[in-house]
Amino acid sequence: IDKRANMVNIDGEDVPGFMGAMVMPYTVKPASELDKLSPGDAITADIVVQDDNSWIENVKVTGHSAPPAK
């Protein structure tokens, strides 16, 4: 979680017809959504793609687990 950059690294599942499962950074809009996230949280969110930009919004925490080991 990088609040200064408004970004999170997500270990995402397969999004059928869009992309396979992978870990990648996402910008979060609005930035205030970051305040409800902690490392290791399971979430759902909407991926928005507009021209060459993408971000996640409507973030909802669905579970908590230990963050991955560094």
Side-chain angles (χ1 to χ4, degrees):
I1 299 170
D2 184 342
K3 289 187 178 185
R4 289 190 307 152
N6 297 334
M7 298 190 83
V8 293
N9 282 328
I10 302 288
D11 185 0
E13 297 178 355
D14 185 52
V15 180
F18 183 62
M19 71 175 135
M22 69 178 80
V23 176
M24 68 178 284
Y26 286 95
T27 299
V28 179
K29 292 185 180 181
S32 60
E33 294 281 276
L34 291 168
D35 293 336
K36 58 185 168 183
L37 299 177
S38 298
D41 282 351
I43 66 163
T44 62
D46 295 328
I47 302 170
V48 179
V49 178
Q50 191 173 67
D51 300 321
D52 290 336
N53 298 310
S54 64
W55 63 89
I56 59 172
E57 60 186 26
N58 300 317
V59 177
K60 297 194 178 23
V61 177
T62 60
H64 304 282
S65 64
K70 292 184 178 184

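In this structure the side chain of Val23 never reaches within 4.5 angstrom of the side chain of Ile10, judged on heavy atoms. A heavy-atom distance below 4.5 Å is not found between the side chains of Glu33 and Asn58. Here the side chains of Val49 and Phe18 are in contact, with some heavy-atom distance below 4.5 Å. The closest side-chain heavy-atom distance from Thr27 to Ser54 is not below 4.5 Å. With contacts defined as side-chain heavy-atom distances shorter than 4.5 Å, the pair Val28/Trp55 does not qualify.
Residues Val59 and Ala45 share a closest heavy-atom pair of CG2-CB, 4.0 Å. Minimum interatomic distance between Asn6 and Ala31 (heavy atoms only, all atoms of both residues): OD1-CB, 3.2 Å. Considering all non-hydrogen atoms of both residues, Lys29 and Glu57 come closest at O-CB, 3.2 Å.
There is a path of hydrophobic side-chain contacts, each under 4.5 Å, that joins Ile56 to Leu34. If you chain together hydrophobic residues whose side chains sit under 4.5 Å apart, Val15 and Val48 never meet in one group.
A salt bridge links Asp35 to Lys3: one of the charged nitrogens lies within less than 4.0 Å of a carboxylate oxygen.
Distance check: Ile1 CD1 to Met7 CE gives 13.0 Å after rounding to the nearest 0.5 Å. Atoms CG and CD1, on Asp41 and Ile43 in that order, are 8.0 Å from each other to the nearest 0.5 Å.
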>> Walk me through whether Asp11 and Met22 qualify under side chain to side chain contact (heavy atoms under 4.5 Å, CB included).
In response: CA-CA 6 Å; Asp11 185 0; Met22 69 178 80; over 6 Å; no
